[in-house]
Amino acid sequence: QVQLVESGGGLVQAGGSLRLSCAASGRAFSLYAMGWFRQAPGKEREFVASINWSGGSTDYADSVKGRFTISRDNGKNTVYLQMNSLKPEDTAVYFCAQRQAGITSSYQVDYAYWGQGTQVTVSS
């Protein structure tokens, strides 16, 4: 059983930065793609970013391209989301997720395991 634990959320002013981390338990972390999703109040959960098994391929939602960077450290079983130039519309609960495949995906149904989420609040 895989467990994913997010950390690094908090309150930040618009224009600021945060780095989210997601630590994964279980074996074979380095074989699987990872993703970040978010859910704002009253809205459906949406794709943010995905990274393939090696870290050599990434994919981003248009709304975060150029501001967010996803990365991973397979030696630490951890995936990161560096968020810069934050906007109030980035306010949401952020979830990390793990696929049981090595390539990236923006579809929630492709992810088998999910963390509990971490709150990010951006004030204007």
Side-chain angles (χ1 to χ4, degrees):
Q1 183 72 12
V2 174
Q3 289 187 326
L4 304 174
V5 180
E6 302 96 337
S7 62
L11 174 65
V12 64
Q13 289 188 333
S17 298
L18 281 175
R19 188 175 83 153
L20 305 183
S21 300
C22 173
S25 67
R27 300 179 295 175
F29 173 82
S30 61
L31 297 181
Y32 302 125
M34 299 293 294
W36 285 97
F37 294 79
R38 68 186 181 186
Q39 186 168 20
K43 296 187 177 181
E44 295 186 352
R45 190 161 57 186
E46 64 177 6
F47 170 72
V48 175
S50 180
I51 188 166
N52 77 333
W53 66 276
S54 68
S57 178
T58 58
D59 188 23
Y60 297 93
D62 288 343
S63 59
V64 306
K65 278 181 182 177
R67 300 188 299 123
F68 290 11
T69 301
I70 188 172
S71 62
R72 66 190 297 161
D73 184 336
N74 286 342
K76 295 182 178 179
N77 280 20
T78 301
V79 63
Y80 305 97
L81 185 68
Q82 177 67 45
M83 306 185 294
N84 298 330
S85 302
L86 282 161
K87 305 175 181 180
E89 51 264 44
D90 294 317
T91 295
V93 177
Y94 283 71
F95 300 89
C96 75
Q98 185 182 76
R99 291 197 70 187
Q100 295 303 286
I103 61 175
T104 62
S105 173
S106 62
Y107 298 102
Q108 297 182 50
V109 295
D110 287 340
Y111 291 82
Y113 299 101
W114 293 81
Q116 292 299 307
T118 185
Q119 176 70 47
V120 171
T121 303
V122 184
S123 63
S124 57

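Everything numeric here is computed off the predicted structure, so don't read it as measured data.
- Heavy atoms of other residues, nucleotides or ligands lying less than 6.0 angstrom from CD of Gln39 number more than 12.
- Electrostatic pairing of Lys87 and Asp90 does not count as a salt bridge here, judged by no charged N lying under 4.0 Å from a carboxylate O.
- Using a 4.5 Å cut-off between side-chain heavy atoms of Ile, Leu, Val, Met, Phe, Trp and Tyr, with links allowed through other members, Val93 and Met34 fall into different hydrophobic clusters.
- Between Leu18 atom CG and Met83 atom CE the span is 4.5 Å, to the nearest 0.5 Å.
- Atom-to-atom distance recorded for Gln116:CD and Gln3:CD is 9.5 Å, nearest 0.5 angstrom.
- Remark: Glu89 CD is packed, more than 12 non-hydrogen atoms of other residues, nucleotides or ligands lying under 6.0 Å away.
- Atom OG1 of residue Thr69 and atom CG of residue Leu81 lie 8.0 Å apart, to the nearest 0.5 angstrom.
- No side-chain heavy atom of Val120 sits under 4.5 Å from any side-chain heavy atom of Thr91.
- For Phe47 and Tyr60, the ring centers sit 6.0 Å or farther from each other.
- Side chains of Gln98 and Gln100: a donor on one and an acceptor on the other come within 3.5 Å.
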(request) Could you give me the CA-CA distance, side-chain angles and deciding distance for Tyr113 and Ser25, then say whether side chain to side chain donor-acceptor pair (under 3.5 Å) is met? (result) CA-CA 11 Å; Tyr113 299 101; Ser25 67; over 6 Å; no

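- A donor and an acceptor atom, one from each side chain of Asn84 and Ser17, are located under 3.5 Å apart.
- The side-chain tip of Arg19 points at the ring of Tyr80 from less than 6.0 angstrom away and within 45° of straight on.
- Residues Ser105 and Asp110 bring a donor and an acceptor atom of their side chains to less than 3.5 Å of each other.
- Under a hydrophobic clustering in which Ile, Leu, Val, Met, Phe, Trp and Tyr are joined whenever their side-chain heavy atoms come within less than 4.5 Å, directly or via other members, Leu4 and Val79 fall into the same cluster.
- Rounded to the nearest 0.5 angstrom, Asp59 CG and Thr104 OG1 are separated by 5.0 Å.
- Seen from the ring of Tyr107, Arg99 does not count as a face-on cation partner, given the 6.0 Å and 45° thresholds.
- Each of Phe37, Tyr94, Trp36 was scored for a ring pair (Phe, Tyr, Trp, His ring centres under 6.0 Å) with Trp114, with one residue passing: Phe37.
- A distance of 13.5 Å separates OG in Ser21 from CZ in Arg72, rounded to the nearest 0.5 Å.
- Hydrophobic clustering of Ile, Leu, Val, Met, Phe, Trp and Tyr side chains at less than 4.5 Å, counting indirect connections, unites Ile70 with Val64.
- Judged by the 6.0 Å and 45° rule, Arg38 forms no cation-pi pair with Phe95.
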